[in-house]
Number of protein chains: 2
Amino acid sequence: MSDLLARLRGRGWRMTSQRRVVAEVLDGDHVHLTADEVHARAARRLPEISRATVYNTLGELVTLGEVIEVSTDGRAKRYDPNAHRPHQHLVCSNCGTIRDVHPTGDPLTDLPVEERFGFAVSQVEVTYRGLCPSCARPTPAVPGAHSAT
Amino acid sequence: MSDLLARLRGRGWRMTSQRRVVAEVLDGDHVHLTADEVHARAARRLPEISRATVYNTLGELVTLGEVIEVSTDGRAKRYDPNAHRPHQHLVCSNCGTIRDVHPTGDPLTDLPVEERFGFAVSQVEVTYRGLCPSCARPTPAVPGAHSAT
DNA sequence: TCTTGACTTGGACTCTGTCTATCGTAGGAT
DNA sequence: ATCCTACGATAGACAGAGTCCAAGTCAAGA
């Protein structure tokens, strides 16, 4: 992600302060922010940035393959900048915290031909669920209090 | 699913015409309807049924473990009555058609302890994606034209 | 049949996300 | 350094999915 801005410029992306801020907000490991969270963080540095711009920019980053869209609950999509290393997600059933995980093996091989119904299967998403260490403790975190880091 | 109504009554469910119709609409294999689709089909038999009741009833069926909530796209949740046989989902990337599939092996065992971050992992959801036979053909189905059966 | 609390209803409301018309500006041309 | 203009940003209206609430209805036990 560090040289993301350079890659984008190389692809002919017009560099604006808004796009720069959005790209910078989406930096780090285990980052899974919603569009609104991205907007809030971007607005701390660029108060006049609009929601539409955040949505547009996130959509472009997804199209360019620099960011992955994740929807682990039925609610807002989350944006994962860890797009260059294949991974799956581990989600706390209580507080919603998400971690990137790397299972062994290839889940594609687990789907027999007779279970493919003639589909040309090309992709697999795996979501593991369970209680995170904090929520497994006697005083669990309140639901919905996703730390969003 | 056939004796669902009996099971529900046995659990103390108050049986109303609305609940009966919703439960009956959700019957069959490879059924993955959205709440709105359930409402539309229920309304064919019970025109005055309200959206709120459909949402309430679906929520109760999910809580009781009789129906599974599936969100394969970022849009409306779908409701899968095939709750008593563990399975995963195969989704057409073009038209959205969903099939229930049964992979071999247990995906849980593919997540090493050092990749669990202290979580008590208890559940795995796998979504396979690819083109269905119709969409792989020269004249593909239009996107979004999910047949909803 | 009566009673009552659970269920249903319609509509307002929230949350996510998209669209559009208008304004602003990055960056190449001069 | 300045000018141009097409691309990008903005505010706000709009749409889809889902939740909430007060008031009315009715299933089923007494």
Side-chain angles (χ1 to χ4, degrees), chain A residues 5-6 8-25 32-43 45-64 67 69-79 96 143-146 148, chain B residues 5-6 8-25 32-43 45-64 67 69-79 96 143-146 148:
Chain A
L5 294 175
L8 294 175
R9 196 172 276 139
R11 297 219 215 184
W13 234 40
R14 190 145 144 188
M15 189 50 57
T16 67
S17 52
Q18 292 85 347
R19 287 177 166 184
R20 194 190 328 273
V21 167
V22 168
E24 285 170 0
V25 161
H32 307 92
L33 299 173
T34 64
D36 255 18
E37 288 164 351
V38 171
H39 179 243
R41 293 183 182 213
R45 292 203 238 165
L46 201 64
E48 67 280 18
I49 191 171
S50 76
R51 286 191 336 124
T53 297
V54 170
Y55 276 104
N56 287 341
T57 306
L58 290 173
E60 287 155 11
L61 288 169
V62 169
T63 299
L64 293 174
V67 163
E69 230 173 41
V70 182
S71 36
T72 51
D73 53 3
R75 314 190 52 92
K77 289 174 190 161
R78 293 181 174 274
Y79 293 88
H146 180 101
Chain B
L5 294 175
L8 295 175
R9 196 172 277 137
R11 297 219 213 187
W13 234 39
R14 190 145 147 188
M15 190 50 58
T16 67
S17 53
Q18 291 86 347
R19 287 177 167 181
R20 194 189 330 272
V21 167
V22 168
E24 284 170 1
V25 161
H32 307 92
L33 299 172
T34 64
D36 256 18
E37 288 164 350
V38 171
H39 178 243
R41 293 181 181 216
R45 292 204 239 166
L46 201 63
E48 67 279 17
I49 191 171
S50 76
R51 287 191 335 122
T53 297
V54 170
Y55 275 106
N56 287 343
T57 306
L58 289 173
E60 286 155 12
L61 288 169
V62 169
T63 300
L64 294 175
V67 164
E69 226 172 45
V70 182
S71 36
T72 51
D73 53 2
R75 314 188 54 95
K77 290 174 191 162
R78 292 181 175 275
Y79 294 87
H146 180 100

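Reminder, nothing fancy here: chain letters follow the sequence lines and each chain counts from 1. Source: prediction; values computed, not measured. Computed from heavy atoms alone, side chains included, the values below leave out hydrogens, waters and symmetry copies.
- Under a 3.5 Å cut-off, the side chain of B:Thr53 and the backbone N or O of B:Ile49 do not form any donor-acceptor pair.
- Closest approach of B:Arg45 to B:Val25, counting heavy atoms only: NH2-N, 4.4 Å.
- We find that CG of B:Leu58 is positioned 10 Å from P of D:dT19, with the value rounded to whole Å.
- For B:Ala52, the listed nucleotide lying nearest its side chain is C:dG11; candidates were C:dT16, C:dA26, C:dG11.
- Rounding to whole angstrom units, CZ of residue A:Arg75 and P of C:dT14 are separated by 14 Å.
- Proximity of B:Gln18 to the phosphate of C:dT9: a side-chain N or O atom is located under 4.0 Å from OP1 or OP2.
- If A:Leu46 and B:Asn56 are placed on DNA chain D by their nearest nucleotide, the residue sitting closer to the 5' end is A:Leu46.
- Closest to the side chain of B:Lys77, out of D:dG18, C:dC7, D:dT10, is D:dG18.
- A straight line from CG of A:Leu33 to P of C:dT16 spans 14 Å, rounded to a whole angstrom.
- The side chain of A:Arg51 approaches C:dG17 more closely than any other nucleotide in the set C:dA26, D:dT10, C:dG17.
- Distances were taken from every side-chain heavy atom of A:Ala76 (C-beta onward) to each of C:dG27, C:dT16, D:dT10; the shortest belongs to C:dT16.
- Here the NE2-OG1 distance, from B:His39 to B:Thr34, works out to 11.5 Å after rounding to the nearest 0.5 Å.
- One can place CG of B:Asp73 at 12 Å from C1' of D:dA17, the figure rounded to the nearest angstrom.
- The CZ atom of B:Arg9 sits 19 Å away from the P atom of C:dA6 (whole-angstrom rounding).
- Distances from the side chain of A:Arg14 to the nucleotides D:dA17, D:dG8, D:dG18 place D:dG8 closest.
- Taking atom CD of B:Glu48 as the reference point, atom P of C:dG10 lies 8 Å away to the nearest angstrom.
- The separation between A:His39 atom NE2 and C:dC15 atom P is 16 Å, rounded to whole Å.
- Using a distance-only test at 3.5 Å, with no hydrogens or angles considered, no donor-acceptor pair links the side chain of A:Arg41 to the main chain of A:Leu33.
- Taking every side-chain heavy atom of B:Arg19 into account, C:dC7 is the closest of D:dA17, C:dC7, D:dT10.
- In terms of phosphate contacts, A:Thr53 brings a side-chain nitrogen or oxygen within less than 4.0 Å of OP1 or OP2 of D:dT10.
- Of the side-chain N and O atoms in A:Thr16, none sit less than 4.0 angstrom from OP1 or OP2 of C:dA26.
- Put simply, B:Tyr55 has no side-chain N or O that comes within less than 4.0 Å of OP1 or OP2 on D:dT19.
- In this structure, A:Arg78 places its CZ atom 15 Å from C1' of C:dG17, rounding to the nearest Å.
- Sequence neighbours left out, the pairs with a member in residues 54-64 of chain B that pass salt bridge (Lys or Arg N to Asp or Glu O under 4.0 Å) are B:Arg19-B:Glu60.
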